[in-house]
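Notes to accompany the following structure.
Counting convention: from 1, in listed order, for ligands and their atoms alike.
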Amino acid sequence: MESGHRLVQIISETLSESVDFTDALALTVRKVCEMTGWGFGEVWVPNSDESGLSLRYCSLCGADRMDECRLHEPNKGLTLLLPGTGLPGRVWALKRVEWVRDVSVDGDVFLRAPAALEAGLRSCVGMPVVSDGRVLAVMVFFMPNAGALGESYVNMLTDVSDQVGAMLGRRLAEVRRREVMRRYEELVNNISVGVYRSLPSPDNKLVEANRAVVDIFEAGSRGEMLAHSLMELCRDTARCMELEAELMSQGHVKGAELDFVTLKGKPLRISITAVKKEDSDGNVYFDGIMEDVSEKRLLEEQFRHAQKLEAVGRLAGGMAHDFNNILTAVIGYANLVKMKCGGNETVSSFARHILTLSDSATALTQGLLAFSRKRPLSLQPVDMNDLVGNAGKMLARLIGEDIEVRINRAEGELMVMADNAQMEQVLMNLATNARDAMPKGGRLTITTSAVDIDREFVSSHGYGTHGAFAQIVFEDTGTGMDKDTCEHIFEPFFTTKEVGKGTGLGLAMVYGTIKQHDGYINVYSEPGSGTTFRIYLPLVAAAKLSTAAMDEPDESCRGTETILLAEDQPDVREITRRLLEEFGYIVIEAANGEEALARFREKSEAIDLLMLDMKMPKKGGSETYEEIKNIRGDTKVIFMSGYSEEIMHSKDKDKKVFDFISKPVSPVKMLRKVREVLDR
Ligand code: ADP
Ligand code: MG
């Protein structure tokens with residue numbers, strides 16, 4: 001008994017040093033052998049599915065070389081035993097210590113008798129290691145004979161095996177518990193949503209937070225995160241309290257969105273789903289998950305905004321297009337009246353009035369067309385540095401003396417494909433607004449640079465395509481705007497200025513023009529701290545073109561050539577014909593593409609130039625031209641359109657740049673274009 005007690009003590013000391021379960025059993029077996037002087041011992045462990053016992057350790061040959069052991073080697077198959085078979089199987093099934101005093105007599109139950117006898121071992125004892133009624137393992141010890149050791153060992157071993165079982169059971173449970181903990185911890189920390197536990201007011205403490213929470217709030221560590229509370233990081237305390245009240249009364253909240261700020265001060269929008277819990281002492285706490293939805297919301301907002309502007313643009317564009325045709329005719333007739341008034345000063349002044357008013361009307365429709373991206377573009381390589389530099393002087397004059405204009409230009413060239421005049425207008429519109437925002441003076445800074453739009457830019461702005469862009473930053477020190485105003489400034493007719501002062505078309509034009517140039521524009525402003533517009537235009541590798549200055553109208557516009565004019569709008573056709581005839585040309589009219597084709601067939605040799613409207617019933621301009629080209633390949637053509645994309649599309653087809661006139665066109669511009677094409 002006494003030695004049994006010692007044995008248990010030694011074993012328990014040994015166990016506290018061992019690392020794993022099999023290790024612990026192997027140590028136990030060695031200690032028992034040492035104490036008793038028995039030959040050797042084995043450890044058998046049930047398989048996880050309890051289908052049999054596997055030999056895990058043999059004190060004679062260690063754990064790794066059992067196949068070479070002289071006891072096991074001839075019986076390889078016996079390293080696995082079925083329940084009830086052999087001594088280990090029997091001990092497993094009966095869950096008690098079993099002796100085999102003489103293996104030669106009990107040979108039927110002890111399958112390895114011949115091998116044991118050969119090794120000089122006549123007796124053996126099997127001992128289960130039981131915990132919670134389950135056999136964790138079976139230890140088997142072999143000895144030359146049992147006689148001398150006596151029955152007392154049975155009791156001692158029973159005692160030892162009980163204690164070892166209890167110890168190992170505890171140990172195993174602890175190992176399993178830790179393993180489960182580790183797995184859950186890993187799971188919780190690996191998922192990308194934030195998982196947290198917090199206490200209700202007034203504590204408001206964050207008591208648990210996974211990796212994602214730490215990352216979302218840009219904390220350096222979990223410890224740093226837990227030093228803060230969600231309430232303290234929320235930018236809307238009232239809403240936060242409201243949610244807490246809801247959690248307390250309803251027991252849960254789902255997908256509630258709140259504005260937070262990270263530990264580094266970055267604003268965030270977070271969606272929270274949480275439940276109220278109570279521990280056995282009645283303490284309430286909240287368990288929840290959180291997701292950073294800032295980017296998602298930003299993209300949605302951008303998308304909604306773009307969609308709204310798109311819809312308004314379609315409406316405005318359609319109206320402006322029709323209005324343009326009417327205006328073209330009005331301008332044409334007024335010009336004719338002016339020419340034909342035969343020196344009647346009154347009539348002439350009426351005509352001039354009509355023309356002045358028409359100019360305003362044209363500006364208005366141009367504004368709408370620009371916003372709806374329907375203004376024809378004459379794209380050419382433009383150095384934004386040049387453009388900003390040249391515009392600078394003009395802007396300084398425009399905005400007055402008490403506003404300082406500073407221009408910081410990037411080194412080198414910033415070539416973009418742009419419509420020079422329209423870009424100038426963009427700068428003018430922005431400068432005019434800046435002036436209006438600085439009634440008491442201030443500073444306007446225009447900075448150009450080359451930037452790369454990369455993945456980071458796209459994700460933080462919610463738009464953009466990767467590549468190199470020219471950036472023009474327009475910064476004023478004016479009144480600034482609140483968030484609500486910022487959201488609407490690009491809409492046509494949105495103005496905060498008094499009647500007669502603002503049209504609300506300035507930024508709408510800017511927006512449409514920049515979009516039409518495949519660029520981006522954004523605004524940043526806060527009341528009282530000025531406004532910053534940023535424009536991005538795709539950079540191109542191209543050489544500069546010299547921009548021909550627009551000269552004054554003169555008699556060089558005259559000609560005697562024959563022009564085939566196809567235009568479906570009778571008013572526009574009429575006025576165009578009259579103008580051309582006025583300047584000496586012979587005009588053949590057609591009301592649509594098919595008619596134009598027929599007229600051309602009749603007189604193909606006489607026709608020097610085609611003027612084709614892009615959009616006509618029956619046959620459009622480009623289609624008509626294709627067919628005419630088949631009749632006479634070298635026929636010259638000018639396309640006319642109020643819509644830029646019609647021209648763009650036809651241009652894309654064979655990559656050839658066509659001449660076009662955009663409606664409404666001033667008579668001088670049209671006549672010059674006609675001459676230019678005819679003289680080529
Ligand atoms: P308008 O100048 O005719 O009012 P815009 O489209 O040019 O129309 O501008 C729309 C509105 O945007 C302005 O009425 C003003 O409220 C605001 N805004 C534009 N630029 C600025 C600026 N630089 N500073 C402050 N507010 C501005
Ligand atoms: Mg304006």
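- When only non-hydrogen protein atoms are considered, atom 6 (O) of ligand 1 lies nearest to Leu507 N, 2.8 Å.
- Residue Gly506 has at least one heavy-atom neighbour below 4.0 Å for each of these atoms of ligand 1: 5 (P), 6 (O), 7 (O).
- A salt bridge is defined here as a Lys NZ or Arg NE, NH1 or NH2 lying under 4.0 Å from an Asp or Glu carboxylate O, and Glu300 with Arg297 meets this definition.
- Every atom of ligand 1 is numbered from 1 in the order shown, and the set under 4.0 Å from a heavy atom of Thr503 is 3 (O).
- The two residues Arg239 and Ala256 make their nearest non-hydrogen contact at NH2-CB, 4.2 Å.
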Q: Begin from the C-alpha positions of Thr513 and Gln425 and carry the test side chain to side chain contact (heavy atoms under 4.5 Å, CB included) through to its verdict.
A: CA-CA 9 Å; Thr513 305; Gln425 197 170 30; 5.8 Å; no
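- Atom 26 (N) of ligand 1 has Met481 CG, 3.4 Å as its closest protein atom, hydrogens excluded (heavy atom only).
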Q | Step-by-step side chain to side chain contact (heavy atoms under 4.5 Å, CB included) determination, Asn429 to Leu507 | A | CA-CA 7 Å; Asn429 289 358; Leu507 288 178; 5.7 Å; no
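- Here the straight-line distance linking atom OG of Ser372 with atom CZ of Arg314 works out to 10.5 Å at 0.5 Å rounding.
- The heavy-atom pair separating Ile354 from Ala334 by the smallest distance is CG2-CB, 3.7 Å.
- With hydrogens left out, the protein atom closest to atom 4 (O) of ligand 1 is Thr495 OG1, 2.5 Å, a heavy atom.
- Atom-to-atom distance recorded for His517:NE2 and Asp419:CG is 5.5 Å, nearest 0.5 angstrom.
- Residue Lys501 has no N or O atom closer than 3.5 Å to an N or O atom of ligand 1.
- Only side-chain heavy atoms of Asp476 come within less than 4.0 Å of ligand 1; its backbone N, CA, C and O stay farther off.
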Enumerate, atom names and distances included, each donor-acceptor pair closer than 3.5 Å involving a side-chain atom of residues 570-577, sequence neighbours excluded.
unit_1, atom_1, unit_2, atom_2, d
Arg573, NE, Glu589, OE1, 3.1
Arg573, NH1, Glu567, O, 2.7
Glu574, OE2, Arg578, NE, 2.9
Glu574, OE2, Arg578, NH2, 3.2
Thr576, OG1, Val572, O, 2.5
Arg577, NE, Glu589, OE2, 2.8
Arg577, NH1, Glu581, OE1, 2.9
Arg577, NH1, Glu581, OE2, 3.2

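- Every heavy atom of Asn429 sits 4.0 Å or more from the atoms of ligand 1.
- In terms of polar-atom proximity, Ala508 is not counted as a contact of ligand 1, lacking any N or O under 3.5 Å from an N or O of the ligand.
- Ranking the protein heavy atoms by distance from atom 12 (O) of ligand 1 puts Ile489 CG2, 3.1 Å first.
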Q.
For a side-chain hydrogen bond (donor to acceptor under 3.5 Å, both in side chains) check, start with the C-alpha distance between Glu291 and Ser271, then their side-chain angles and the critical distance, and finish with the verdict.
A. CA-CA 5 Å; Glu291 200 182 350; Ser271 162; 5.3 Å; no
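- For the pair Asn433 and ligand 1, the shortest N or O to N or O distance falls below 3.5 Å.
- Contact atoms of ligand 1 toward Phe494: 8 (O), 10 (C) (distance under 4.0 Å to a heavy atom of the residue).
- Residue contact check: Ala437 has heavy atoms under 4.0 Å from atoms 22 (C), 24 (N), 25 (C) of ligand 1.
- Around the Mg ion (ligand 2), the protein N, O or S atoms closer than 2.8 Å are Asn433 OD1, listed by chain and residue number.
- Evaluation of the salt bridge (charged side-chain N to carboxylate O under 4.0 Å, His left out) test over residues 471-486, restricted to residues two or more places apart or in two chains, returns Lys483-Glu487.
- Looking only at heavy atoms of the protein, atom 14 (O) of ligand 1 is closest to Thr496 N, 2.9 Å.
- Within the 4.5 Å cutoff, side-chain heavy atoms of Leu579 are placed close to those of Met339.
- Neither side chain, Arg352 nor Thr356, offers a donor N or O lying under 3.5 Å from an acceptor on the other.
- Atom OG in Ser294 sits 7.0 Å away from atom NZ in Lys266 (nearest 0.5 Å).
- Within the structure, ligand 1 lacks Gly478 among the residues with a heavy atom less than 4.0 angstrom away.
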Q: Determine, stepwise, if the pair Leu230 / Phe217 fulfils side chain to side chain contact (heavy atoms under 4.5 Å, CB included).
A: CA-CA 10 Å; Leu230 291 181; Phe217 283 101; 4.0 Å; yes
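- Using a 4.0 Å cut-off to heavy atoms of Gly502, the atoms of ligand 1 that qualify are 3 (O).
- Among protein heavy atoms, the minimum distance from atom 2 (O) of ligand 1 is reached at Lys497 NZ, 2.6 Å.
- Every pair passing ring pair (Phe, Tyr, Trp, His ring centres under 6.0 Å) that includes a residue from residues 479-516 is listed here, sequence neighbours excluded: His488-Phe494, Phe490-Tyr511.
- The shortest contact between atom 8 (O) of ligand 1 and any protein heavy atom is with Gly504 CA, 3.2 Å.
- Residue contact check: Thr531 has heavy atoms under 4.0 Å from atoms 22 (C), 23 (N), 24 (N), 25 (C) of ligand 1.
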